[in-house]
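Here is the naming used below: chain letters follow the sequence lines, and residue numbers restart at 1 for every chain.
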Amino acid sequence: MEYNHKEIEESARRFWRDADIYKVAIDASRPKYYVLDMFPYPSGAGLHVGHPLGYIASDIYARYKRQKGFNVLHPMGFDAYGLPAEQYAIQTGQHPEITTRQNIERYCKQLEKIGFSFDWSRSIRTCDPEFYRWTQWAFLKMFNSWYDRNANSARPIAELEEHLAQYGTEGLDAACTKEMVLSAEDWANMDAKGKSDALMNWRLAYLANAVVNWCPKLGTVLANDEVSEGLSVRGGYPVEQKKMWQWCLRVSAYAQRLLDGLDRIDWSESLKETQRNWIGRSEGAEMRFEIQGNPELALEIFTTRPDTIFGVTFMVLAPESKYVAMVTTPDKQTEVDQYLDYVRHRTERERMIDRRVTGVFSGSYAINPLTGKPVPVWISDYVLSGYGTGAIMAVPAHDSRDYAFARHFNLPVIPLIEGADVSEASYDAKEGTMINSEGTALNLNGLSVKEAMNAAKRYVEQSGIGKVKTNYRLRDAIFSRQRYWGEPIPICYVDGIPTAYGNLPLELPEIDKYLPTETGEPPLGRAKEWHTPEGYPLELNTMPGFAGSSAYYLRYMDPHNEKALVSREADEYWRQVDLYIGGSEHATGHLIYSRFWNKFLYDCGEVCEDEPFRKLINQGMIQGRSNFVYRVKDTNTFVSAELKKDYDTTPIHVDVNIVSNDVLDQEAFRGWRPEFADAQFITGDDGRYVCGWAVEKMSKSMFNVVNPDDVVERYGADTLRMYEMFLGPLEQSKPWDTNGIDGVYRFIRKMWSLYHKGDTVVVDDTEPSAENLKSIHKLIKKVSADIENFSFNTSVAAFMICVNELASQGCRSRAVLEPLAIVAAPFAPHVAEALWRQVLGHEDSVCDAPWPEYDEKWLIESTVTMAVSFNGKARYNITLAADAPREQIEKAALEAEGAAKWLDGKTIRKIIVVPGKIVNIVIG
RNA sequence: GCGCAUGUGGCGUAAUUGGUAGCCGCGUUAGACUUAGGAUCUAAUGUCUUCGGACGUAGGGGUUCGAGUCCCCUCUUGCGCACCA
């Protein structure tokens with residue numbers, strides 16, 4: 001029987017579907033394992049071959065774990081809210097729901113064909129009310145919570161209100177937008193609106209007038225991770241800074257826990273580093289610098305280098321700083337106003353591209369608390385208002401930014417470290433011995449920078465001029481989007497007071513047009529009846545894209561529960577994702593938000609693990625591999641790549657689907673586009689036209705998109721799966737290169753024909769030979785270890801070796817061919833299923849066949865060949881019994897034919913024996 | 001600038017973690033078969049060679065009997081962050 005992938009794969013899929021084989025349920029008798037893929041956003045373009053890479057890897061692992069006896073949860077769903085469907089709706093008027101549903105159907109069809117072991121009965125879509133009610137529920141829980149730094153946990157807002165009523169802010173250490181001091185009396189005297197406003201300062205989901213990334217082209221605000229280099233990640237439109245009332249999540253309250261948690265999870269070092277970077281913890285001190293002539297006013301600054309305080313030669317305020325108005329002297333007012341105006345008219349992007357040194361003197365001087373000397377206070381946009389206190393002490397000698405500023409405005413530079421040459425550049429390194437650092441109260445001279453830092457910090461605390469402080473770069477997440485296609489925020493406004501609207505799900509209303517209203521309100525402003533039954537208006541903003549993906553992994557544990565996001569029972573059984581596979585582009589978005597969201601739910605007692613993803617693997621990106629033809633200038637003649645140096649040519653992208661192994665199908669090319677119908681070719685002697693190639697992003701315009709459906713059609717899903725794994729290490733980015741897929745296809749056919757001769761099955765019950773057993777046990781050992789290490793590419797090679805060996809041994813023994821089918825099942829499930837059921841005659845599925853154990857005894861060699869080397873250079877081999885003792889090995893090495901030549905006249909200094917590998921004779 | 005990766009044949013890659021570098025596949029070459037095909041099979045394939053061997057894992061240095069692997073310096077190419085004090 002010939003290997004017919006279409007028949008084999010269709011019948012395997014039919015069997016799996018009919019037997020509902022991938023459905024899982026809680027089973028306390030078996031250990032659980034949760035394997036998850038980052039669910040896709042179903043775009044209109046469908047899947048290309050890059051998308052399934054991670055899914056194939058996770059599917060191999062899931063299938064393996066299942067065969068190892070684990071109860072494996074392996075679900076798939078769709079991240080259904082997103083801008084493209086809404087943009088399409090704006091252009092065409094088609095409801096995004098319809099677009100989304102169509103795209104999901106297409107994705108499902110494509111995924112179905114690749115043979116994944118997903119439990120589709122647990123599938124979720126973030127735009128289903130039954131799913132997003134739990135997104136809204138979590139939001140309200142955050143709205144009704146505050147973060148207690150003493151307990152290091154979120155707590156119900158009612159407990160905060162109680163505390164305020166009894167003690168005011170006394171004894172309170174809570175994450176907040178700005179420090180606030182209230183007495184119990186102040187609190188009691190506040191009206192409802194005042195209390196609501198005050199509580200916003202502490203709520204974990206809060207409304208704030210924040211500076212946001214506003215994208216006029218998309219008509220919405222964006223979170224920091226949705227902006228890159230001043231442009232929106234989706235669409236690439238310019239982004240401006242704008243102050244707006246927005247819902248925010250107090251992610252920053254969890255900064256330290258997000259950082260600490262990284263040490264307890266099994267993620268790649270580079271991804272952890274990216275998150276550490278993004279969280280950006282820095283230790284330092286906050287200090288007060290009084291303004292000369294105004295003892296009432298002091299600048300609060302943050303620095304990581306309190307040890308450099310003797311080198312402060314000026315102060316700098318961010319243009320947006322509240323201090324600017326306070327320190328500007330009347331004679332400088334005009335200049336300062338002009339500068340502020342200039343800064344305001346520069347976009348974020350302009351600031352990034354053009355990093356000119358700009359600034360203006362405020363007219364005031366601040367007093368250095370250690371030297372008592374006055375230093376000028378400047379205003380410049382190189383200081384950011386959003387970080388620290390928006391004001392800095394400038395130490396030009398030891399900070400390159402301060403240095404550039406000082407040089408530009410001719411301000412003094414005082415070096416503080418012995419031997420540091422600051423004539424050309426600042427000395428930023430934190431090493432050396434301190435000089436010029438002596439005041440009446442503190443003397444740092446002679447100390448190392450490290451010691452000086454500690455001494456300075458100690459002094460700052462003791463003298464009361466400031467306090468030691470840790471700052472984080474991580475900002476709160478802006479949670480409002482001025483968009484239609486997202487989860488409604490379940491908030492209503494009762495007499496102007498934002499109030500939780502608990503009747504969930506709050507369903508997304510229908511609207512006539514997917515655009516802002518004439519008055520500039522978000523699209524939900526068009527909804528009729530958008531108010532509570534009591535008539536209170538509902539929030540018009542919707543949630544951002546990351547909302548729905550922040551806790552979806554919990555929902556898969558218990559997807560149909562109407563009472564809770566996840567039942568206690570399901571949560572305690574499945575606990576957390578054991579293996580999460582997805583792209584590293586989510587490092588500072590989804591993977592931060594999910595961890596935050598999960599930690600919050602953990603604080604609330606809703607989930608039992610505080611980290612959502614125990615192990616995470618980032619699969620590499622699959623790039624496109626474009627092909628080119630070379631048109632000879634001003635002709636319709638194309639020259640083969642190896643001859644193009646003799647002609648003046650223009651490279652033209654050619655559809656990779658009419659090129660095979662870089663050889664162009666000339667007829668197909670003539671039919672590809674009308675202008676090439678009469679194309680002529682200059683080829684090599686063999687008549688073949690060879691194309692050039694380049695690695696580029698996979699995109700339609702490069703004609704390098706390869707659709708998995710086409711690969712499945714031609715080679716079958718098993719070949720696609722194995723080839724994607726064979727391409728290289730999972731975590732590495734690589735171009736999709738079809739050259740070589742034939743090799744994998746050939747292998748699968750070879751494996752198939754191992755079980756057949758002509759039309760008959762040749763598997764019999766003969767005793768396997770020791771050779772046969774060695775081949776298969778070697779394979780089982782290698783593949784088991786490879787799967788555990790996610791080294792799938794080397795497994796494929798092991799399969800090829802094993803099948804070649806068994807074929808040349810003429811192996812027909814069921815005892816060998818059965819385990820071969822079983823270990824092949826995670827990689828090539830369809831062909832394994834066909835072999836298992838049709839050829840080997842089993843009733844059940846190969847998916848449930850227990851993973852075979854290997855036996856070392858078949859792997860032990862009876863004889864072994866060892867290299868004999870002299871001073872490390874191998875000269876000849878000796879073959880001897882594998883268990884030969886050391887003396888015998890040495891003897892054999894010295895007595896071997898040819899040994900005399902190397903030993904001639906030399907003294908043997910040492911003999912090193914690595915059993916089974918090498919004998920090194922050191923001579924001299 | 002800071003941080004994290006990475007560098008091995010014509011190409012994708014491998015190397016039991018310090019033990020004969022180049023497994024497996026592609027490509028190439030030669031041969032077999034053949035109803036002539038982009039099918040299948042068999043063999044060869046790092047470079048140089050005076051056929052003894054020599055040289056080879058980005059480059060330079062070091063540790064070691066022995067280094068792709070460990071240490072130091074330089075370079076390459078990716079990626080992340082980036083006026084974060």
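Contacts of A/Asn739 with the nucleic acid, taken as non-hydrogen atoms under 4.0 Å apart, involve only primed sugar atoms and P, OP1 or OP2. Base contact: A/Val383 has a heavy atom under 4.0 Å from a base atom. A/Pro729 comes within contact range of the sugar-phosphate backbone alone, with a heavy-atom separation under 4.0 Å but no base atom that close. Among the heavy atoms of the strands lying under 4.0 Å from A/Arg714 is at least one base atom, whether or not backbone atoms are also near. Residue A/Ser282 is in sugar-phosphate contact alone, with no base atom involved, counting any heavy-atom pair closer than 4.0 Å across all strands shown. Residue contacts shown for A/Asn877 include a base, since a base heavy atom lies under 4.0 Å away. Within the 4.0 angstrom heavy-atom criterion, no nucleotide atom of any strand lies near A/Asp428.
Ring geometry for A/Phe681 versus A/Tyr689: interplanar angle over 60°, hence perpendicular rather than tilted (30 to 60°). Note on ring orientation: taking the six-membered ring where Trp is involved, the planes of A/Trp378 and A/Phe409 are tilted (angle from 30° to 60°).
The listed nucleotides are B/G3, B/C83, B/A54; the one nearest the side chain of A/Asp381 is B/C83. Here the side chain of A/Ile801 is nearest to one of B/A85, B/C24, B/A82, namely B/C24. Comparing B/C24, B/C4, B/A85 by their nearest atom to the side chain of A/Asp399 picks out B/A85. When the nucleotides B/G80, B/A82, B/A14 are ranked by their closest atom to the side chain of A/Arg473, B/A82 comes out on top. For A/Ile918, whose side chain is taken as the heavy atoms from C-beta onward, the closest listed nucleotide among B/C4, B/U20, B/C81 is B/U20. Distances from the side chain of A/Thr274 to the nucleotides B/G80, B/G19, B/C24 place B/G80 closest. Residue A/Glu273 places its side chain closer to B/C4 than to any other of B/G12, B/A14, B/C4.
Base pairing of B/G52 is not made with any nucleotide, judged by Watson-Crick or G-U wobble geometry with both donor-acceptor distances under 3.5 Å. Within the shown strands, B/G7 is the pairing partner of B/C75 under the Watson-Crick or G-U definition, both distances less than 3.5 Å. Within the shown strands, nothing qualifies as a pairing partner of B/U35 under the Watson-Crick or G-U definition with both distances less than 3.5 Å. When both distances must be under 3.5 Å, the Watson-Crick or G-U wobble mate of B/G80 is B/C2. Searching all strands for a Watson-Crick or G-U wobble partner of B/G22 with both distances below 3.5 Å returns nothing. Across the strands present, B/U45 finds its partner in B/G27; the criterion is a Watson-Crick or G-U wobble pair with both atom distances under 3.5 angstrom.
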Sub-3.5 Å pairs of nitrogen or oxygen atoms, protein against nucleotides 40-42 of chain B:
residue	atom	partner	partner atom	Å
B/U40	OP1	A/Arg746	NE	3.3
B/U40	OP1	A/Arg749	NH2	3.1

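In terms of phosphate contacts, A/Asn793 brings a side-chain nitrogen or oxygen within less than 4.0 Å of OP1 or OP2 of B/A14. Remark: A/Tyr382 is not in phosphate contact with B/A85, judged by side-chain N or O atoms under 4.0 Å from OP1 or OP2. A sub-4.0 Å separation between OP1 or OP2 of B/C79 and a side-chain N or O of A/Asn277 is absent.
Using C1' as the reference atom, B/G7 and B/A14 are 16 Å apart when rounded to the nearest Å. With both ends at atom P, the span from B/G80 to B/G12 equals 22 Å, rounded to whole Å. Spacing between B/G10 and B/G22 at atom P, rounded to whole Å, works out to 16 Å. Rounded to whole Å, the separation between the C1' atoms of B/G66 and B/U20 comes to 11 Å.
Comparing A/Val922 and A/Ala867 by the nucleotide of RNA chain B that holds the closest heavy atom to each, the one mapping nearer the 5' end is A/Ala867. Residue-to-nucleotide proximity on RNA chain B shows that, of A/Lys917 and A/Gly743, the 5′-proximal contact is made by A/Lys917.
Summarising the geometry, atom CH2 belonging to A/Trp267 is positioned 10.5 Å from atom OG1 belonging to A/Thr274; distances are rounded to the nearest 0.5 Å.
A salt bridge between A/Lys774 and A/Glu805 is absent, with no side-chain N of the basic residue lying under 4.0 Å from a carboxylate O of the acidic one. Between A/Arg276 and A/Asp263, at least one side-chain nitrogen of the basic residue sits less than 4.0 Å from a carboxylate oxygen of the acidic one, meeting the salt-bridge criterion.
A/Tyr323 and A/Glu300 are not linked by any side-chain donor-acceptor pair at a separation below 3.5 angstrom, with hydrogens and angles left out of the test. Side-chain polar atoms of A/Asn471 and A/Ser282 form no donor-acceptor pair below 3.5 angstrom. With no hydrogens or angles considered, a side-chain donor-acceptor pair links A/Ser775 and A/Gln809 at under 3.5 Å. Side-chain contact annotation: A/Ser795 with A/Asp786, donor-acceptor N/O pair under 3.5 Å present. Under the 3.5 Å distance criterion, with hydrogens and angles disregarded, a donor-acceptor pair is assigned to the side chains of A/Tyr472 and A/Arg281.
In this structure B/G9 sits in the syn conformation; its chi angle is within 90° of 0. Base orientation of B/G52: syn, the glycosidic angle falling within 90° of 0. B/U17 has its base syn relative to the sugar, with a glycosidic angle deviating from 0 by at most 90°.
Look at CD on A/Glu788: it is 18 Å from P on B/U16, rounded to the nearest Å.
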